[in-house]
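For reference, the structure is listed below as structure tokens.
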Number of protein chains: 2
Amino acid sequence: MTPMKEDYLKIIFELGGTSKMVSNKQISQSLDIAAGSVTEMVSKLVEDGLATHTPYAGISLTDEGIELAEQLVRKHRLWETFLVDKLDYKLSEVHEDAEQLEHVTSDKLTNSLSDFLGNPTHCPHGGVIPTADGVYQQYSHIMLSELEDGDVAVVDRLADNRDLLTYLDQIDFDLGDKIKVISHAPFEGPITVQLLSEKNGEEQREVSFKASHYVFVIPEADK
Amino acid sequence: MTPMKEDYLKIIFELGGTSKMVSNKQISQSLDIAAGSVTEMVSKLVEDGLATHTPYAGISLTDEGIELAEQLVRKHRLWETFLVDKLDYKLSEVHEDAEQLEHVTSDKLTNSLSDFLGNPTHCPHGGVIPTADGVYQQYSHIMLSELEDGDVAVVDRLADNRDLLTYLDQIDFDLGDKIKVISHAPFEGPITVQLLSEKNGEEQREVSFKASHYVFVIPEADK
DNA sequence: AATCATATTTAGGTTAACATAACATTTTTG
DNA sequence: CAAAAATGTTATGTTAACCTAAATATGATT
């Protein structure tokens with residue numbers, strides 16, 4: 001394993017590669033790496049038995065790949081918890097450092113850190129922290145962008161990207177908010193949503209088209 | 001900067017490249033990298049203005065190189081302190097993890113960590129932790145192997161190498177011990193020293209030839 | 001001082017991870 | 001449904017950091 005392979009694994013995992021197929025383009029854009037380079041690296045992951053690749057169709061993770069990615073997510077989120085809880089980082093500042101730390105974190109260090117933090121179950125972004133033995137509660141891979149006007153949902157998870165988090169922080173849009181989709185502006189314009197929690201009367205928020213692909217939601221059961 | 005350049009800087013620093021010239025061979029052996037590769041990398045450090053190189057004579061650090069190396073040492077030692085003080089690592093276990101962590105530690109993280117630890121001044125091995133603004137107390141670069149029979153000295157610093165620390169732990173040879181050199185066995189055999197602290201009556205220790213190159217001492221002023 | 005051993009540098013080759021550009025396949029659309 | 005657009009793959013080139021082996025310099029020994 002190399003840090004780069006780890007980054008690919010993690011991004012495929014986060015894009016939903018545990019259940020669906022992820023496209024080359026999604027990976028290429030998320031990592032900001034040329035499409036050709038992605039194809040190359042994916043074929044190495046396939047050789048390593050960590051991913052499957054059907055040309056022109058997409059990429060998924062094998063069970064082994066999933067297990068590895070989960071442990072990376074575990075390391076990442078433990079570090080985020082450390083940075084916020086112990087070093088007083090702000091939520092929007094944690095990503096870069098945690099991203100680097102996770103690649104150099106031995107299993108012993110991971111477990112010691114977890115103990116030190118009181119074996120937390122959730123990171124500061126609301127994500128579940130997988131346990132050492134790989135038990136992992138599934139969370140949403142449904143993007144806000146997939147909802148239609150009138151749909152109601154709860155914001156379950158935010159992709160861990162500094163720019164995104166800063167943006168959402170600015171527009172005051174939080175994890176756990178219950179929302180109703182009001183309208184989609186044309187030409188990839190923003191999605192207007194209404195905040196449904198008690199205290200926010202009729203407040204609305206405009207979430208950019210791009211950001212809506214990095215906000216994951218749990219839709220309300222069909223009415 | 002890359003992690004590898006950082007490793008070179010740090011090793012040159014630790015081998016005394018702040019004041020004397022360090023040989024290609026010393027670097028090559030310490031990092032377990034072929035001599036040719038060392039020449040190549042050193043020439044990059046020279047291009048970067050971090051080191052000076054006189055062919056066939058040796059390598060030293062520039063002021064800028066020293067400053068950078070000090071900050072690496074600072075990061076390394078802060079992590080060691082964290083691992084021992086907060087995560088209950090044993091002294092002989094800290095090196096590997098700290099070595100990896102130091103390369104991915106931003107300045108912000110370094111300072112936050114230092115605050116969290118109470119701005120410690122010394123790492124668990126007895127080394128001084130340089131401050132953020134580069135103030136750094138010099139410590140000994142005199143190796144136990146350089147002493148002659150009859151010399152008296154205090155053990156000031158141990159190179160931070162797992163095998164070495166495990167070995168010294170086994171033979172019960174500690175930081176701070178005041179010693180007198182009794183004899184040098186021929187053919188690179190062990191150096192016999194006598195422990196001079198009150199409670200160790202006439203106790204002696206045999207330190208292997210190789211280990212004696214990684215134990216740094218402050219000799220007693222000439223009598 | 002000539003020889004030999006050791007240390008260092010130089011030259012040429014390898015690998016991982018990237019890029020660009022040409023080619024191939026899908027998907028969209030008039 | 002054919003042409004255009006988008007996406008994906010293959011081929012080729014680059015860079016950083018390593019290696020081995022050959023060439024060169026230094027210093028130690030007779």
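Values reported hereafter were calculated over all heavy atoms of this structure, with side chains retained and with hydrogens, waters and symmetry mates removed.
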In this structure, how many angstroms lie between the [atom2] atom of [N] and the [atom1] atom of [X], rounded?
X	N	atom1	atom2	answer
B/Met21	D/dT26	CE	C1'	15 Å
A/Ile27	C/dA17	CD1	P	15 Å
B/Asn24	D/dT26	CG	P	14 Å
A/Lys25	D/dT9	NZ	P	14 Å

Angle by which the axis turns from one end of the helix from C/dA1-D/dT30 to C/dG30-D/dC1 to the other, five pairs per end, to 10 degrees: 10°
One character per nucleotide, please: for nucleotides 14-25 of chain D, 5' to 3', B when the base has a protein heavy atom closer than 4.0 Å, S when only the sugar-phosphate does, - otherwise. --SBBBB---BS
Would you check, one step at a time, whether the test salt bridge (Lys or Arg N to Asp or Glu O under 4.0 Å) holds for B/Arg74 with B/Asp107? CA-CA 11 Å; B/Arg74 169 168 159 83; B/Asp107 287 348; over 6 Å; no
Check ring pair (Phe, Tyr, Trp, His ring centres under 6.0 Å) between A/His95 and all other residues, then give those that pass, not counting sequence neighbours. A/His76
Looking for any heavy atom pair under 4.0 Å, which part of the strands does A/Ser28 touch: base, sugar-phosphate only, or nothing? nothing
Is it the case that B/Arg157 places NZ or CZ above or below the six-membered ring of B/Phe216, under 6.0 angstrom from the centre and within 45 degrees of the axis? yes
With no hydrogens and no angle check, just 3.5 Å: does a side-chain donor-acceptor pair link A/Ser183 and A/Asp149? no
Any B/His53 side-chain N or O less than 4.0 Å from OP1/OP2 of C/dT8: no
So the side-chain hydrogen bond (donor to acceptor under 3.5 Å, both in side chains) pairs with at least one residue in residues 48-63 of chain B (sequence neighbours excluded) are B/Lys5-B/Asp48
Would you list the pairs meeting side-chain hydrogen bond (donor to acceptor under 3.5 Å, both in side chains) in which at least one residue belongs to residues 208-218 of chain A, sequence neighbours left out? none
How long is the gap from CD on A/Gln100 to OG1 on A/Thr105, to the nearest 0.5 Å? 10.5 Å
With sequence neighbours left out, the residues meeting side chain to side chain donor-acceptor pair (under 3.5 Å) with B/Lys10 are B/Glu99, B/Glu102
